[in-house]
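Notes for the one structure printed next.
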Amino acid sequence: MNEQNALTESEARPSNFVWDIVDEHNASGRFGGKVVTRFPPEPNGHLHIGHSKAISLDFGTAERYGGTCNLRFDDTNPVKEEQEYIDGIIEDIKWLGFDWGDRIYYASDYFQQLYQWAVQLIKQGVAYVDHLRADEIREYRGTLTEPGKNSPYRDRTVEENLKLFEQMKNGEIPDGGCVLRAKIDMASPNINLRDPVMYRILHESHPRTGDEWCIYPMYDWAHGQSDSIEGITHSICTLEFEDHRPLYDWFIDQLGIHHPQQIEFARLNLTYTIMSKRKLKQLVDEGHVSGWDDPRMPTLSGLRRRGYTPEAIRELCDTVGVAKSNSVVEVELLEHTIRQDLNRRALRRIAVLDPIKVVIVNYPKGMVEEMEMVNNPEDESAGTRKVLFSRELYIEREDFMEDPPRKFYRLSPGREVRLRYAYFITCTDVIKDVDGEIKEIHCTYDPETKGGNAPDGRKVKATLHWLSAPHAKTAEVRLYDRLFSTPEPGKDFLNDINPNSLEVLENCYIESALADAKAGEHYQFERTGYFYLDPDSTDDKPVFNRTVTLRDTWAKIQKKQG
RNA sequence: UGGGGAGUGGCCAAGUGGUAAGGCACCGGCCUUUGGAGCCGGGUAUCGAAGGUUCGAAUCCUUCCUCCCCAGCCA
């Protein structure tokens with residue numbers, strides 16, 4: 001094994017500003033060369049592709065430096081969180097291919113410790129129970145340009161605060177009756193430092209701690225300490241927490257405990273996509289999609305069902321880089337990474353999505369031949385298979401034009417094309433019904449061209465895929481397109497939903513090898529795209545989801561020609 | 001108008017004083033039994049702007065402009 005191959009995926013990646021910081025720490029000995037990270041989701045929804053950038057960075061950083069990465073659920077708000085989401089998140093991260101060993105933690109594991117630390121801060125005189133109503137707290141907080149003012153309850157004695165906090169914990173005070181606040185600085189230009197709320201009263205049962213607590217820590221009070229407890233060295237998070245960092249630093253300094261370094265980076269955004277969990281949940285709740293795993297959703301479960309691979313998603317994350325400027329990556333890059341991956345691995349198969357009948361008039365009635373087809377031109381070990389050929393065939397409706405425009409070089413009257421791995425055929429006739437709709441196309445074939453080559457060296461401009469009509473099986477095919485029709489769906493994202501994001505084709509023909517397609521196997525339907533078996537499939541009718549189309553230069557030409 | 005961030009070709013993104021990587025997209029061409037894949041070639045990027053320092057600036061200094069985040073008992 002040479003050195004190149006010995007590099008792990010993360011070591012081979014070009015560096016980024018986060019790793020530069022870690023390098024500096026390692027050089028200065030700040031954390032004794034240790035690297036401990038964590039991925040801290042809130043279980044209030046399912047993971048989406050945006051999260052995969054964070055996951056990739058968190059786990060990738062640990063891997064690159066021989067450290068560890070914990071999975072920790074920041075489950076501090078029982079009104080929004082559910083076990084179902086915890087289970088889904090675990091499944092999704094595993095699917096992406098990351099491993100946290102036995103290091104799965106929950107902020108709720110630390111509720112007792114957090115409570116004790118709150119008592120400590122009260123005793124240190126830097127936390128107090130506030131009886132201002134929520135709207136009063138907001139009013140007292142001031143604005144972006146004006147300082148706030150102190151709560152009249154700010155100077156209660158330590159004893160009184162201790163007693164009141166005890167009552168909060170014991171359930172003697174109703175929801176919203178009061179809160180515990182840090183006593184920092186109501187005039188701070190950083191609003192996060194204007195006496196932030198540490199605990200609120202929520203008589204709500206928690207997915208993990210049940211009814212043990214009726215006070216729950218705010219994220220800002222729980223997150224930094226959770227990192228500290230776990231010995232996190234590098235607490236990687238997104239940009240919006242940048243001005244919370246002084247608060248986390250303040251808590252940790254007051255407590256005198258291990259101090260991680262928080263590093264903020266810009267989250268992943270994609271064109272034609274939304275990444276807000278709130279909005280994704282709305283799409284699900286209002287039935288705009290079939291569920292969190294609708295193949296049009298940017299959720300990991302949706303992408304998985306669509307036929308995306310973990311490798312393609314990780315490749316995207318590696319390719320976009322890590323920086324601090326807000327950015328929107330074009331979804332074409334994702335389409336590129338999935339095509340690149342699937343081109344290597346997908347078995348080629350034949351499916352005629354929008355069939356039209358072709359009769360080979362000079363082909364003997366009743367004759368059937370086996371044509372040998374390559375399973376994957378990118379992988380010789382995938383071998384070949386036999387597909388039946390006969391006098392009556394189906395081809396793709398769009399592969400025939402009676403009056404072809406410039407640059408259309410597929411089948412049209414008088415023109416010769418190749419049927420892939422079969423014969424050259426020439427169109428001799430077009431049969432229409434009373435409405436002028438094309439019913440079938442008559443062709444002749446050249447018996448000398450079996451397999452797809454002419455002994456006389458004659459060339460054709462096009463190669464079409466086909467299926468023997470009496471031998472073809474049927475399937476349902478779901479053609480997915482972008483969920484949104486505008487590159488950056490805005491506030492009124494529901495109006496930006498693409499009405500043509502799903503086209504269901506009920507009567508497609510597939511070759512027999514596809515009739516027993518396996519779940520989890522990726523297929524390329526030759527000349528049309530990559531497809532993946534959907535769980536809605538039944539024994540007598542498989543259902544295929546289109547993952548992504550093949551690159552289509554003809555479509556591009558058509559677009560240009562208007 | 002308070003505080004915190006960011007501005008490099010269409011989209012990402014390297015570069016950290018020595019004369020602008022790479023990927024995607026786009027446009028040509030070659031090749032081709034997938035109009036797929038592959039291969040070759042193509043961008044004068046006023047490095048947000050203006051001043052300044054320097055032999056030399058995307059990189060240093062000054063001023064300005066634009067965009068993003070923060071006023072939940074959400075995370």
Side-chain angles (χ1 to χ4, degrees), chain A residues 14-16 20 40-42 44 74 76-77 79-81 130 132-135 137-139 141-148 175-181 187-194 197-202 216 218-220 222-223 238-246 264 266 268 271 277-278 316 318-337 339-340 343-344 348 350 373-374 377-378 407-410 418-422 424 449 451-453 459-465 487 524-529 549-557:
Chain A
S15 193
N16 58 57
D20 291 344
E42 184 196 11
N44 66 342
D74 274 337
T76 55
N77 187 357
V79 330
K80 289 187 176 171
E81 297 154 6
D130 193 354
L132 248 27
R133 280 180 280 113
D135 61 303
I137 286 185
R138 189 182 333 118
E139 220 179 287
R141 188 152 32 223
T143 69
L144 294 178
T145 51
E146 304 159 61
D175 286 7
C178 57
V179 295
L180 184 73
R181 289 231 256 173
S188 173
N190 181 344
I191 289 182
N192 296 118
L193 263 20
R194 316 237 266 228
V197 172
M198 295 164 64
Y199 276 98
R200 75 284 218 188
I201 300 170
L202 250 29
Y216 290 94
M218 298 290 289
Y219 173 86
D220 278 349
H223 189 80
T238 43
L239 257 25
E240 68 270 28
F241 294 106
E242 209 149 15
D243 48 20
H244 291 236
R245 181 162 20 100
E264 309 86 7
L268 172 68
T271 54
K277 266 198 268 184
R278 199 208 97 232
L316 174 81
D318 291 352
T319 304
V320 297
V322 181
K324 294 195 71 149
S325 65
N326 290 113
S327 60
V328 184
V329 173
E330 291 175 332
V331 75
E332 284 85 348
L333 183 56
L334 207 215
E335 294 176 346
H336 168 259
T337 63
R339 285 190 184 112
Q340 179 181 257
N343 177 52
R344 278 196 306 258
R348 312 294 130 122
I350 305 298
M373 298 195 178
V374 174
E378 307 293 321
K407 289 196 174 173
F408 178 90
Y409 46 80
R410 274 111 97 143
R418 171 170 38 232
L419 292 181
R420 183 155 222 231
Y421 299 121
F424 283 13
T449 58
N453 281 309
K459 299 287 182 198
V460 288
K461 289 274 278 182
T463 300
L464 310 185
H465 60 281
Q524 182 195 99
F525 290 180
E526 293 218 28
R527 303 210 305 133
T528 74
T549 61
L550 252 27
R551 280 182 64 216
D552 189 346
T553 62
W554 168 237
K556 212 176 281 177
I557 291 167

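A note on names: the letters A, B, ... follow the listed sequences, proteins ahead of strands, and every chain is numbered from 1.
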Quick test: give all pairs of protein nitrogen or oxygen and nucleotides 26-29 of chain B nitrogen or oxygen below 3.5 Å, distance rounded to 0.1 Å.
residue: B:C26; atom: OP1; partner: A:Lys556; partner atom: NZ; Å: 3.2

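Within 4.0 Å of A:His223, counting heavy atoms only, lies no atom of the nucleic acid at all. Residue contacts for A:Val328: at a heavy-atom cut-off of 4.0 Å it reaches the sugar-phosphate backbone alone, with no base atom in range. At the heavy-atom level, A:Arg410 lies under 4.0 Å from base atoms of the strands shown. Residue A:Val179 is classed as a base contact, given a heavy-atom separation below 4.0 Å to a base. Residue-level contact check: A:Asn16 touches neither bases nor backbone, having no heavy atom under 4.0 Å from any strand. Base contact: A:Ile557 has a heavy atom under 4.0 Å from a base atom.
Pairing of B:U59, defined by two Watson-Crick or G-U wobble distances under 3.5 Å, is not identified with any nucleotide. Base-pair partner of B:U66: B:A6 (Watson-Crick or G-U wobble, both distances under 3.5 Å). B:A14 makes up no base pair with any nucleotide shown, lacking Watson-Crick or G-U wobble contacts both under 3.5 Å. Within the shown strands, B:C30 is the pairing partner of B:G38 under the Watson-Crick or G-U definition, both distances less than 3.5 Å. B:U44 makes up no base pair with any nucleotide shown, lacking Watson-Crick or G-U wobble contacts both under 3.5 Å. A 3.5 Å limit on both hydrogen-bonding distances identifies no Watson-Crick or G-U partner for B:A25.
Comparing the P positions of B:U1 and B:C68 gives an interatomic distance of 14 Å, to the nearest angstrom. For the P atom pair drawn from B:A13 and B:A37, the interatomic distance equals 26 Å after rounding to whole Å. Here, B:A6 and B:U19 have their C1' atoms 26 Å apart, quoted to the whole Å. Across B:A14 and B:G9, the matching P atoms stand 13 Å from one another, rounded to whole Å. Comparing the same atom, C1', in B:U59 and in B:G18 gives a spacing of 11 Å after rounding to whole Å. Of the C1' atoms belonging to B:A58 and B:G17, the separation is 10 Å, rounded to the nearest Å. Straight-line distance between the C1' atoms of B:G38 and B:U34: roughly 13 Å, to the nearest whole Å.
You'll find the side chain of A:Cys178 stays beyond 4.5 Å of the side chain of A:Asp130, heavy atoms only. At a threshold of 4.5 Å between non-hydrogen side-chain atoms, the residues A:Thr528 and A:Leu550 do not count as touching. You'll find the side chain of A:Leu464 reaches within 4.5 Å of the side chain of A:Arg527, heavy atoms only.
An OP1 or OP2 oxygen of B:G72 is reached within less than 4.0 angstrom by no side-chain nitrogen or oxygen of A:Arg133. In this structure, A:Ser188 does not reach the B:G3 phosphate: none of its side-chain N or O atoms is under 4.0 Å from OP1 or OP2. Dashed line: the shortest gap from a side-chain N or O of A:Arg348 to OP1 or OP2 of B:U34 is not under 4.0 Å. Regarding contacts with the backbone of B:C73, a side-chain N or O of A:Arg141 is found under 4.0 angstrom from either OP1 or OP2. Checking the phosphate oxygens (OP1, OP2) of B:U34, no side-chain nitrogen or oxygen of A:His465 falls inside 4.0 Å. Proximity of A:Thr319 to the phosphate of B:A13: no side-chain N or O atom is located under 4.0 Å from OP1 or OP2.
At a cut-off of 3.5 angstrom, counting only N and O atoms as typed in the model, there is a donor on one side and an acceptor on the other between the side-chain of A:Asp243 and the base of B:G3. For A:Glu378 against B:G36, a side-chain N or O and a base N or O form a donor-acceptor pair under 3.5 Å. If you check distances only, the side chain of A:Glu330 does reach the base of B:G10 with a donor-acceptor pair under 3.5 Å.
A donor-acceptor pair shorter than 3.5 Å cannot be found between the side chains of A:Arg194 and A:Ser188. With no hydrogens or angles considered, no side-chain donor-acceptor pair links A:His465 and A:Arg420 at under 3.5 Å.
The CG-C1' distance, from A:Asp318 to B:A13, rounds to 14 Å in whole Å. A:Tyr421 has its OH atom 8 Å from the P atom of B:U34, to the nearest Å. As rounded to whole Å, 11 Å separates atom C1' of B:G23 from atom CG of A:Leu316. Between the CG atom of A:Asn326 and the P atom of B:A6 there is a distance of 11 Å, rounded to whole Å. In this structure, CH2 of A:Trp554 is placed 18 Å from P of B:A37, rounded to the nearest angstrom. Taking atom CZ of A:Arg418 as the reference point, atom P of B:U32 lies 11 Å away to the nearest angstrom. In this structure, the NZ atom of A:Lys277 is 8 Å from the C1' atom of B:A75, given to the nearest Å. As rounded to whole Å, 14 Å separates atom P of B:U32 from atom CZ of A:Arg420.
Annotation: ring pair (Phe, Tyr, Trp, His ring centres under 6.0 Å) contacts of A:Phe424 (sequence neighbours excluded): none.
Listed for the A:Thr271 side chain is a donor-acceptor partner under 3.5 Å among the backbone atoms of A:Val331. A:Thr143 contributes a side-chain N or O that, together with a main-chain N or O of A:Thr145, makes up a donor-acceptor pair within less than 3.5 Å. Using modelled atom types, one side-chain atom of A:Lys277 and one backbone atom of A:Glu42 make a donor-acceptor pair closer than 3.5 Å.
Comparing B:A25, B:A75, B:C74 by their nearest atom to the side chain of A:Thr76 picks out B:A75.
Here A:Glu335 does not pair with A:Arg551 in a salt bridge; the nearest charged N to carboxylate O distance is not below 4.0 Å.
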Trace of the side chain to side chain contact (heavy atoms under 4.5 Å, CB included) decision for A:Val179 with A:Ile201: CA-CA 7 Å; A:Val179 295; A:Ile201 300 170; over 6 Å; no

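Comparing A:Arg527 and A:Lys324 by the nucleotide of RNA chain B whose heavy atom lies nearest to each, the residue mapping closer to the 5' end is A:Lys324.
Glycosidic torsion of B:G18 falls outside 90° of 0, placing the base in anti.
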